[in-house]
Amino acid sequence: QLHLVESGGGLVQAGGSLRLSCATSGTIFSINAMAWYRQAPGKQRELVARITRAGTTNYADSVKGRFTISGDIPKNTVYLQMNSLKPEDTAVYYCNAYTGYDQWGRGTQVTVSS
């Protein structure tokens, strides 16, 4: 069982930047991939970015060129650098780890003001 803790959310003006961190503890060797998802009010949770144990990354079209996922799964921490933030990026951002099934953190709020 994993314990995932997100940090780094907050309030930022449009065009600004934030860096989210996800720290993990527990059975790290079982993680196949980690990802960031987000959920805005009234909307479904959506994938933002994913990184595999091998370092392969993929992004939602809406964040390509603005967000960067990085980190090292065996070193227990994954980051999401968010640049050129837009009001539509406002959401609760969740850290996800896939170990054969999805495991989730509690989320961190990101609010982008116009």
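As the structure is a prediction and not an experimental result, all values here were calculated from the model. In this chain, residues are counted from 1 in sequence order.
Side-chain atoms of T24 and T77, non-hydrogen and from C-beta on, never get closer than 4.5 Å to each other.
In this structure, I69 is not a member of the same hydrophobic cluster as Y98, with clusters built from ILVMFWY side-chain heavy atoms closer than 4.5 Å. Note on Y37: it does not cluster hydrophobically with V63, by side-chain heavy-atom contacts below 4.5 Å among ILVMFWY residues. Two different hydrophobic clusters hold V92 and L20 under the rule that ILVMFWY side chains link at heavy-atom gaps under 4.5 Å. Residues M82 and Y79 fall into different hydrophobic clusters, defined by Ile, Leu, Val, Met, Phe, Trp and Tyr side chains chained together at heavy-atom separations under 4.5 Å.
Considering every non-hydrogen atom in both L18 and L85, the closest pair reads N-CD1, 3.8 Å. The two residues Y59 and A49 make their nearest non-hydrogen contact at CD2-CB, 3.5 Å. Of all heavy-atom pairs between Q39 and A91, the closest is O-CB, 3.4 Å. Shown here for W104 and L4, the closest heavy-atom pair between the two residues is C-CD1, 3.7 Å.
A side-chain donor-acceptor contact under 3.5 Å links R53 to the backbone of I31. Judged purely by atom type and a 3.5 angstrom limit, E46 has no side-chain atom pairing as donor or acceptor with the backbone of R38. Side-chain atoms of R50 do not come within 3.5 Å of backbone N or O of T57 as any donor-acceptor pair.
Ion pairing of K64 with D61 is present here, as a side-chain N (NZ or NE/NH1/NH2) and a carboxylate O approach within less than 4.0 Å.
F67 and W36 have their aromatic ring centers separated by at least 6.0 angstrom.
Taken to the nearest 0.5 Å, the CE atom of M34 stands 11.5 Å off from the CG atom of L80. Between S62 atom OG and D89 atom CG the span is 7.0 Å, to the nearest 0.5 Å.
In this structure T90 satisfies the side-chain contact (heavy atoms from CB on, under 4.5 Å) test together with Q109, T111, V112, sequence neighbours excluded.
Geometrically, R106 does not engage Y94 in a cation-pi contact, judged by NZ or CZ lying under 6.0 Å from the ring centre and within 45° of the ring axis.
For the side chain to side chain donor-acceptor pair (under 3.5 Å) condition, the pairs that include at least one residue of residues 2-21, sequence neighbours left out, are S17-N83.
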